[in-house]
Number of protein chains: 2
Amino acid sequence: MNTLSFGLLSLISHSPLSGYDLMLKIQPFWPAKHSQIYPLLATLEKNHQVTYELVSQSDKPDKKVYSITSKGIESLRNWLTEPASDPVMRDELMLKAYCISLVDPATSRKLFNARLEHYRNKISRFEDRISQIRAASGLQENGFPPHNSPNFGAFILLHKALMSSRTNIQWCEWVLSAIPPEEI
Amino acid sequence: MNTLSFGLLSLISHSPLSGYDLMLKIQPFWPAKHSQIYPLLATLEKNHQVTYELVSQSDKPDKKVYSITSKGIESLRNWLTEPASDPVMRDELMLKAYCISLVDPATSRKLFNARLEHYRNKISRFEDRISQIRAASGLQENGFPPHNSPNFGAFILLHKALMSSRTNIQWCEWVLSAIPPEEI
DNA sequence: TGCTTTTATGTATTTATTTACATATTTCAA
DNA sequence: TTGAAATATGTAAATAAATACATAAAAGCA
C-alpha cells in the first residue's frame, strides 16, 4: 500500500467521501489526478479497508461514497506509529532562480510577481477555513481543538499552509526588493 | 526537454560539474537519483546543450565534467521567459497529521519531534553557506549580491531554505505545545 | 439546439521517478 | 585483509504520476 492510499484512507476516516471529492480534497497535501485515485479506491475496497455506497443524485451524476472500515482504521493507526518519510518539494522556480542572473530584471520580476500572486490567492482561502473551524469548535484567539478531536488535524494543517504561504510571500517580496526597477 | 534537464543545465551554467556532483547539488531543489540524471546528461550532450571532459583523478575514480555550451545558455534564457509551473509538495506528515486524533499523544509527539530534528539539522548548514557567500562577495548585514551576479541565485535560494525551515520549526513547536504531555 | 462547464467514474498510454542490478577505484576501520 | 563507505558511471525493472482517451448526466448560456 503506497502513501497516496494511506492519504485517501486518512481523509475518509473523517467522513465518507466520493472519489471525486477525495481528488479535490487531497490536492493541498498530496497532489494526484483522478486517474490515480479511482484504481487505488478499488484496491482499498477489495482489501476491505473501505466500503462504498452508491448514491443517486437528481441534480448531479450518481456517485460512490466511500466509508472507512474498522480494518481501515487499524491500518491508519499502524501507519501512524511509523516515522514519516522526508517531505519532497519540487519547484521549478527554484531551478530558475539559480540561473536568474542570465536574464534582465523585467523577466526576473515577472517570475517572482507571478509566484507572489499564487501565494496571495491561497492565503485568503486558508484564513476563511480556519475561522470556520474556530467558529464550529467554539474556540477563542489562541485555542486549539482538543488533541483527540478530528478537527485537530485539519486545524494544524491549515495553520501550516497559512504560515508557509506567509513566509513564501515575505521571501518573494524580499527578492523583488533586490531586483533593480525597470527603467522607462 | 523536461524540468530536471533544465535544472541540470541551470546548475552547470554556474560552473562545470560531474554527474555525481550534480546529483548531490540538485537534491534541495529537485530531488533525483543518479539513475535519472546520467541518461539526461547523455541526451543534453547529444543535443549540444553541454559538453564534457574526461577528468582523471588519482585519489578517486575518473569522472566526466560537464560544461554548458552557448546553445545551452540560450535554452536557459528562453526557459526563464516562460512562467514557472506551480510548486509540488508531497509530505507524508501532512497526511498523517490529518488523522492524528486516532492515536495517543506519545505516538503523536514522536512524529513531530522527528520532523523538528529534520529541520534543525538543515538550518545550520544553510546558515554556514550564507556566511560563506557573504564573505566571498564582501557583503554587509542586509546586502545582496548584484542581480547580474551568479551569486544572486544561490543567495536567494539559501535564504528561502532558511526561512522555510524556521517556519516549519515554529509550526512543529506550536503543534507540540498543543499535544498533551505524556503521563508518567 | 448546440456548446461549455461541473460533476462523476473509469481505462490506456506515456512519462517521471525509484529501486535494483552492475562495475570499478580509493580510503578507512575492524 | 576483508568489509564498509564514498566516489564515480551506467542500465534494467518496477512503481508512481501525468496525460490522454472514453462516457455520461445536469446546468447554464448563446
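Order of the sequence lines fixes the chain letters, A, B, ..., with proteins taken first and strands second; residue numbering starts at 1 for each chain. The basis for the numbers below is simple: all heavy atoms, side chains too, and nothing from hydrogens, waters or symmetry mates.
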Quiz item: Quick one: is C/dA8 close enough that its OP1 or OP2 comes under 4.0 Å of any side-chain N or O from A/Gln57?
Solution: yes

Quiz item: With respect to the side chain of B/Trp30, which nucleotide from C/dT9, C/dT17, C/dA16 is positioned closest?
Solution: C/dT17

Quiz item: A/Val55, A/Tyr20: one ILVMFWY side-chain cluster at the under-4.5 Å cut-off?
Solution: no

Exercise. Report yes if the distance between the aromatic ring centroids of A/Trp30 and A/Phe6 is under 6.0 Å, otherwise no.
Key: no

Quiz item: Do B/Tyr38 and B/Val65 belong to the same hydrophobic cluster, where Ile, Leu, Val, Met, Phe, Trp and Tyr are linked whenever their side-chain heavy atoms lie under 4.5 Å apart, directly or via other members?
Solution: no

Quiz prompt | Length of the line joining A/Met1:CE and D/dT15:C1', which is rounded to integer Å | solution = 16 Å

Quiz item: C/dT18 C1' sits how many Å from A/Asp86 CG, rounded?
Solution: 15 Å

Quiz prompt | Whole angstrom value for the distance that separates P of C/dT25 from CG of B/Asp62 | solution = 10 Å

Quiz item: Tell me, which of residues 33-56 of chain B have any heavy atom that sits under 4.0 Å from an atom in DNA chain C?
Solution: B/Lys33, B/Ser35, B/Gln36

Self-check item: Closest-nucleotide 5' rank along DNA chain D - winner of B/Val88 and B/Leu24
Solution: B/Leu24

Exercise. Compare side-chain N and O positions of B/Arg90 against OP1 and OP2 of D/dA16 and report whether any pair is under 4.0 Å apart.
Key: no

Quiz item: A/Tyr20 side chain: which of C/dT17, D/dA8, C/dT6 is closest?
Solution: C/dT6

Quiz prompt | A/Leu4 CG - C/dT17 P separation (whole Å) | solution = 16 Å

Quiz item: Given atom NZ of B/Lys63 and atom P of D/dA8, what is their separation to the nearest angstrom?
Solution: 5 Å

Exercise. Assess the pair B/Phe112 and B/Trp171: is the distance between their ring centroids shorter than 6.0 Å?
Key: yes

Quiz item: Which other residues end up in the same hydrophobic cluster as B/Met89, if Ile, Leu, Val, Met, Phe, Trp and Tyr are linked when side-chain heavy atoms come under 4.5 Å apart?
Solution: A/Met89

Quiz item: Is B/Lys60 near enough to C/dA24 that one of its side-chain N or O atoms lies under 4.0 angstrom from OP1 or OP2?
Solution: no

Quiz item: Partners of A/Glu53 by salt bridge (charged side-chain N to carboxylate O under 4.0 Å, His left out), sequence neighbours excluded?
Solution: none

Quiz item: Whole-Å distance between C/dT17 C1' and B/Met23 CE?
Solution: 15 Å

